[in-house]
Each structure stands twice: as structure tokens, then as C-alpha cells.
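Here the structure is a predicted model, which means the values were calculated and not measured. Reckoned from all heavy atoms, side chains included, excluding hydrogens, waters and symmetry mates. Quick note on labels: first sequence line is chain A, next is B, and so on, each numbered from 1.
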2 protein chains.
Amino acid sequence: MFLLICFLAILVFMNAKELLKDHISKTISLSEEEFEYVLSHFKEHYFTKGQTIISAGDKVNHEYFVAEGCLKSFYINEEVKMFILQFSMPNWWTSDFEALYSGGKAKINVDCITDATVLALSNEDREKLCREIHTVEHFFRWRTNKGYVATQKRLLSFMNNDTKHRYEELLALYPQLYNLVPKHLIAAYLGVSRETLSRL
Amino acid sequence: MFLLICFLAILVFMNAKELLKDHISKTISLSEEEFEYVLSHFKEHYFTKGQTIISAGDKVNHEYFVAEGCLKSFYINEEVKMFILQFSMPNWWTSDFEALYSGGKAKINVDCITDATVLALSNEDREKLCREIHTVEHFFRWRTNKGYVATQKRLLSFMNNDTKHRYEELLALYPQLYNLVPKHLIAAYLGVSRETLSRL
DNA sequence: TTCCGATTGTGATGTATGTCACACAATCAC
DNA sequence: GTGATTGTGTGACATACATCACAATCGGAA
């Protein structure tokens, strides 16, 4: 039984790192040795549905590559109202990047909508890898470029489109979300009350 | 007279590049030769109030470092309504980054709220410099990191705060804007009608 | 099974904001 | 200076949405 669990763990472990390897390969080329070296800095973590990865107030020292499952990153305001910044699906990265980059305390929370497998990379290791391997720095530059453009597009959509339009936009992009996450979370992503979404 | 104009042009030219040099120095260290090499890829441009730098539909091939003046980047929707993504002040970068990075046509416009001096860097030159000088790639990674965090903060503010709060937030950050740009542009940045802003 | 919490739908009502309309001032071109 | 364009303020009205309240359904725990 123990051996079986070890075997399954190794299987998933391989899959997660393979997924990350494929993801990185889409932007840069690395030798096998370099890949092995880079991937060795990522630590795999399992989380179960509902578990918290980052809480507001924490010191944030890692960013997370999602290999499996669905996470959400969200902000809770003074009136205890929740706003969802991002649903993180496989092949996405998540963290409280402001806190991670600046060294401050988290204002954003990250937790699991489903069971999840993630690969964690520390701030120090990311900077070390970027320093040591030029193309890795290139990879992270492009990852953020894409994130920047995506966030800007969402901001524009927020200003331009009404709720129904944004809802359809979201479902067109991630049809899985409709069955995967409760409606009140989708409402929190769209920035409307759950009642309004229900009456869409 | 001609000599005087040349002299003034060189003066401003020096100032713009010096500003960029200072800006870059805040993130990375470069030797004098490297600086000279990097800066040689930037072309200085003058624009007058109201002039257009990027029009929707254009092929976008440059990003711009603002040395002097104030630009706006904005989107016009089907109903000819304008949404301002960013006011670009000195030491900011602007472009339609989605189009620039993807090679597509511009969806964003950029024009001048005041007379402006900018330094233009082509997509190819940026990539070339990033390839040739590792620390330059580092610089651009951190520039985008900061932009990403700033845009995410603005998105959160959009969801969380009401118009008045966001207006005060904007003016606290850039008090100059109050006298520099007409109110209807500030309304377009805040995502409300000019009438609502007027009644704030 | 039974109960409880989580999720979702829907009605009634208040409020912030958009839209249309008009007025007036400031600026600019000629 | 004169007329046109641009920027700004304000009233009247319509509308989208938040909020509060209640009901119904579903799934898991005891």
C-alpha cells in the first residue's frame, strides 16, 4: 500500500513537472541539464478543496504554477465583501505578486476551489535562476508581459461591457468554470452581486 | 537662429536621454559604454498637444518612454465612447502593448494631452538589446512587473471603490492632473460620465 | 433517515449613475 | 471683435444594480 502511494505520488510528480516543462518550452529553449536544474527549484504541493495557500497578512515568499485543479485569488474589503482577481487553472501562475515583489505582507488571498497540485518557486530561487540563466529571465519577462496584457484587457472589458457581456466572455474563455465553481464566486469575479448574476 | 534651435534641440535631447538613463539606473547597473549603446537605439520625437502617436488600426512597432509632457492611451468602442487606460507622465512607458507584442493591429490609441517629448524604441531593438545584454532583459522584466501590479491594483480599485473614492485616489497620486487635463478625460479614466464626475 | 449548511432563484425597494437637454464660460481661429 | 468650438455645470428622467427578505433545492454529516 505504501509503495503504491509512493508510485502514484511519483507519477503525479512527474506529470506536474512535465507540464511545467512543456509550458516553459513554449517560450524558450533549454538543454535537458538546464531543465533539470531549473525544475529542481520547484517544490510540489498538494492541496485539498477549500485549503488556503496565501492569507492576507502573510509574508509572501512563493509564486505557484498550477499543474492541476482550480485556485482563486481574491481580495476581502473592510465590509467583508470578496472580489476575485483571478481563477487559476492549470498552466497559470498565481501569488500575491505585489507582496511577493515588494517584500510586503499579502493583501490578496489564494485558496483552492478544487483539490489542486501546484509547483512552488521561491522569490530568491526565481531571481537566482534569472541571474544564472539568461533565457530563464527571458521566460519570466514574457510570462509577465502576457499577464500584463491580459489584466489590461480585463480592465477595459470592465469599463466597456455590461455584466451579461462579461459573463459570456468569461464562459467563452473557460467553459469548465460554469460547472466547476459556484455562481456567487463568478459574481465576485464579475464584480456584481450574486442576485444580479442569477437574473442575468 | 538656426544654431540656437540646434543648441536647444541638443539640450532637450540630452535631457530626455539623461532622464531615461536615470530611470534605467534605478533598476540595473550599466557601464558608460553600455548606456551609450542602449540609448543609441532610442529615437527622440517631439509631438504637439493633440497629435496622435498611435491610431487604432495601425501596425504598432514602437514603445515610448515619456520624457516630457502628458499622453493618454485610450480605447474607443462601437458607440464611439472613450475609455482611458492610462495617463502617461514623464518616466512612464506607453504603447499598445498587446499589438506591439503580438504583431497585431492597434486597438488602443495614444495621443498627446500636452506638448510632449518621447523616446521611441522599436520592438526589434528591444528584443535585440534584451538578447545582447542580460541586465537589460532584467530591466524590462521589472518594468513590466511593476506595470502588471499597478494594473491589477487599478482593477481591484475599480471593483471595490466608488467613483468619488477613485477620483480622490487618482488626484492624490497625480495632483498635476487636476489642472492639466480636462474633466471629461478624467471621467473617461474613472469610467463614469462627465456629468457624474461634475456632481461628485 | 433526518437535519443543517451551502447554493441558487426571485420579489420589493432604494440608490447611484447614465442619458438627454439646456445654459454658460473660456478659448481659438479668422 | 465675432463666431465657432470646447469644456463645464445642472435639472429631469430612466435604468441597472445593490440590498434585504424569503423560499426551494441539494449534498453531506450524524
Sugar-phosphate only, base, or nothing, as touched by B:Lys81 at under 4.0 Å among non-hydrogen atoms: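 Sugar-phosphate, no base atom in range.
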
Touch class at under 4.0 angstrom, heavy-atom based, for B:Gly191 against every strand present: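 Touches sugar-phosphate only.
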
Under 4.0 angstrom between B:Thr163 side-chain N/O and C:dT17 OP1 or OP2: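 Yes, B:Thr163 has a side-chain N/O under 4.0 Å of OP1/OP2 on C:dT17.
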
B:Thr196 side-chain N/O to C:dG18 phosphate OP1/OP2 under 4.0 Å: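 Yes.
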
Test of ring centre spacing under 6.0 Å for A:Phe140 and B:Trp142: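 When the ring centroids of A:Phe140 and B:Trp142 are compared, they turn out to be at least 6.0 Å apart.
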
Centroid-centroid under 6.0 Å between A:Phe83 and A:Phe74 rings: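 No, they do not, as the ring centres are separated by 6.0 Å or more.
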
hbond_proxy A:Glu195 side chain to D:dC17 base (donor-acceptor, 3.5 Å cutoff):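 Donor-acceptor pair under 3.5 Å: no.
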
Side-chain-base donor-acceptor pair under 3.5 Å for B:Arg194 and D:dT6: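 Checked by distance alone, the answer is no.
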
Nearest whole angstrom, please: distance from the [atom2] of [N] to the [atom1] of [X].
X	N	atom1	atom2	value
A:Ile186	C:dT7	CD1	P	12 Å
A:Tyr167	C:dT8	OH	C1'	12 Å
B:Leu185	D:dG7	CG	P	7 Å
A:Asn77	D:dA18	CG	P	13 Å
B:His184	D:dT5	NE2	P	16 Å
A:Arg166	D:dA16	CZ	P	14 Å
B:Met159	D:dC17	CE	C1'	17 Å
B:Glu79	C:dC20	CD	P	11 Å

Given C:dT10, D:dT8, C:dT19, the nucleotide with the shortest approach to the side chain of A:Ser198: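 Closest nucleotide to the A:Ser198 side chain: C:dT10.
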
Residue whose nearest DNA chain D nucleotide is more 5′ - B:Arg199 or B:Val181: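 It is B:Val181, whose closest nucleotide lies nearer the 5' terminus.
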
DNA chain C: 5'-proximal contact among B:Asp162 and B:Lys49 (nearest heavy atom):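 In this pair, the answer is B:Asp162.
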
Side-chain donor/acceptor of B:Lys43 to backbone N/O of B:Leu119, under 3.5 Å: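 Not confirmed, B:Lys43 side chain does not pair with B:Leu119 backbone.
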
Donor-acceptor pair, side chain of B:Thr27 and main chain of B:Phe139, under 3.5 angstrom: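 Such a contact is absent between B:Thr27 side chain and B:Phe139 backbone.
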
Passing candidate, side-chain hydrogen bond (donor to acceptor under 3.5 Å, both in side chains) with B:His138, options A:Arg131, A:Glu137, A:His134: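 By the side-chain hydrogen bond (donor to acceptor under 3.5 Å, both in side chains) criterion, B:His138 pairs with just one of A:Arg131, A:Glu137, A:His134: A:Glu137.
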
